[in-house]
There are 2 protein chains.
Amino acid sequence: MADNSADRTAAALGEPTLEEQIAAYQREFQDLDPQVEKVVSALSRLNRRMNVAYSRQTADLGISNAEWEVLKALVLSGAPYRMGPGELAKRLGLTPAAMTHRIDRMVAEGLVTRERDESNRVRVIVELTPVGREKWLAAMRLASVFEEDLLQDLSSEERHTLGELLTRLLIRVEHAQPDAGGRLTDLD
Amino acid sequence: MADNSADRTAAALGEPTLEEQIAAYQREFQDLDPQVEKVVSALSRLNRRMNVAYSRQTADLGISNAEWEVLKALVLSGAPYRMGPGELAKRLGLTPAAMTHRIDRMVAEGLVTRERDESNRVRVIVELTPVGREKWLAAMRLASVFEEDLLQDLSSEERHTLGELLTRLLIRVEHAQPDAGGRLTDLD
DNA sequence: CGTGTAGTGTTTAGCTTCGAACTTTAGGTT
DNA sequence: AACCTAAAGTTCGAAGCTAAACACTACACG
């Protein structure tokens with residue numbers, strides 16, 4: 001079971017506050033926009049914390065975070081919960097090689113099955129087992145409690161605003177490609 | 001040079017839109033709050049995209065994302081840019097073992113120096129070299145262009161709002177510990 | 001029909017990380 | 001002083017990932 005970085009990052013002793021960190025960056029790099037940096041730093045820190053929380057939860061269920069990602073992708077594909085290793089790899093941002101090994105493990109643990117596609121014998125079909133689906137559901141229940149709790153201090157309106165602003169950033173990143181200088185340029 | 005997941009996740013062929021993804025989750029898991037899920041999913045996707053962008057930029061400079069993280073921590077500590085391996089490991093969320101190896105590489109590449117602390121011979125001091133500082137600065141310049149561009153579509157007011165909302169989430173995660181059920185409970 | 005070519009998944013070798021055992025030093029206790 | 005305990009880093013073996021080479025199947029084209 002990988003991804004046990006849980007308790008190392010959890011406490012985060014002596015880590016500077018966001019404000020302190022931004023002030024330090026400004027000392028070292030004058031033309032930094034503190035407003036931009038605040039958003040970016042908060043995003044990155046938040047994500048680290050969230051991953052730690054998820055790792056802890058999945059570990060409690062006896063699966064790794066990596067395995068949870070696979071389960072999520074399969075469930076998202078809808079019944080009958082089948083996908084090829086290649087597509088899974090693309091979705092999760094892994095090499096096909098890594099996917100092969102990950103599926104090996106998950107087959108051994110009974111979370112998925114792997115069989116050749118008889119109508120096209122190059123392809124392989126990875127299918128969620130009932131056990132795998134149960135694990136996904138259990139992880140989902142834990143995750144949703146955590147997520148609800150994370151947003152607890154925000155009003156419904158604030159949640160909406162946050163969702164919209166983040167979606168706009170996401171759209172900008174997903175519908176654009178960086179040019180040579182790293183700038184994002186629209187595709188269409 | 002690790003962290004070359006750049007071009008695999010960049011295109012993200014066939015990935016469902018955020019809305020589609022949330023709709024799919026709701027079909028499989030009824031008591032899911034779509035508002036919460038939207039925020040969380042957007043956060044997680046955004047971070048993946050940003051990491052891909054950073055990886056590409058650091059690769060262009062001939063360093064890995066991992067090395068950039070070390071450089072950032074050292075610069076943040078302020079002049080004379082010295083830290084012990086243990087503290088670095090804690091900041092970056094790594095085991096001391098991993099830190100040892102990472103420093104090995106960075107010493108070999110001339111980014112940092114490693115020496116024993118003569119006043120306390122158990123300790124080791126990792127110090128940024130001028131070359132390391134230059135690499136940090138170059139990476140920082142690239143990153144700030146990308147970040148400014150990422151937020152391009154948001155007005156100054158929207159940036160402020162986003163920063164504040166994210167900070168509140170961060171505070172909730174950083175000042176709390178999860179209880180047995182995964183809920184976040186205040187410390188003070 | 002055979003052959004070339006593209007697409008899929010697996011295998012192999014090397015690297016990075018983790019967990020755990022180990023070494024060295026500092027500092028307190030008797 | 002001699003010992004015990006804690007703290008800091010390193011070493012060791014196992015796990016997981018990447019890139020690149022490889023094997024197999026399907027399909028188009030002569």
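Below, chain A is the first sequence line, B the second, and so on; all start at residue 1.
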Is any NZ, NE, NH1 or NH2 atom of the basic residue among A:D31 and B:R141 found under 4.0 Å from an Asp or Glu carboxylate oxygen of the other? no
Looking at the side chain of B:A97, which of C:dT17, D:dC12, D:dG16 is the nearest nucleotide? D:dC12
Separation of B:I103 atom CD1 from C:dC15 atom P, in whole Å? 19 Å
Does A:R105 make a side-chain N or O approach to OP1 or OP2 of D:dC17 shorter than 4.0 Å? yes
Could you check how far CG of A:L94 sits from P of D:dA19, rounded to whole Å? 11 Å
Would you indicate whether the side-chain heavy atoms of B:V107 and B:T113 approach each other to under 4.5 Å? no
Generate the contact string for nucleotides 21-27 of chain D. Rules: B means base contact, S means sugar-phosphate contact only, - means no protein heavy atom under 4.0 Å. ----BS-
For a quick test of reading the model: is some side-chain N or O of A:R114 closer than 4.0 Å to OP1 or OP2 of C:dT8? no
Quickly work out the B:I125 CD1 to C:dT25 C1' distance and round it to whole Å. 15 Å
Salt bridge flag under 4.0 Å for residues A:K135 and A:E67: no
So that I can tick it off, tell me whether A:E164 and B:K38 are bridged by a salt bridge, with the cut-off set at under 4.0 angstrom between side-chain N and carboxylate O. yes
Separation of D:dG9 P from B:E115 CD (nearest whole Å): 13 Å
If only side-chain N and O atoms of A:R102 are considered, is one of them under 4.0 Å from the OP1 or OP2 phosphate oxygen of D:dC17? yes
B:N65 has an atom CG; how far is it from atom C1' of D:dC17, in whole Å? 15 Å
From the candidates D:dT18, C:dT8, D:dG9, the one with an atom nearest any side-chain atom of A:T95 is D:dT18
Can we say A:R49 and A:E15 salt-bridge, meaning some charged N sits less than 4.0 Å from an Asp/Glu carboxylate O? yes
For B:H101 and A:M99, take the nucleotide of DNA chain D holding the closest heavy atom to each; which residue's nucleotide lies nearer the 5' end? B:H101
Report the nucleotide, chosen from C:dT17, D:dT11, D:dC17, that has the shortest atom-to-atom distance to any side-chain atom of B:T100. D:dT11
Could you tell me the separation between the CE atom of A:M83 and the C1' atom of C:dG9, rounded to a whole number of Å? 15 Å
A:D104 has an atom CG; how far is it from atom P of C:dG9, in whole Å? 14 Å
Do we see a donor-acceptor contact under 3.5 Å between the side chains of B:Y25 and B:E20? no
Output yes when A:E69 and A:R102 qualify as a salt bridge under the 4.0 Å nitrogen-oxygen rule, no when they do not. no
Ranking C:dT8, C:dT10, D:dC17 by distance to the side chain of A:V124, first place goes to C:dT10
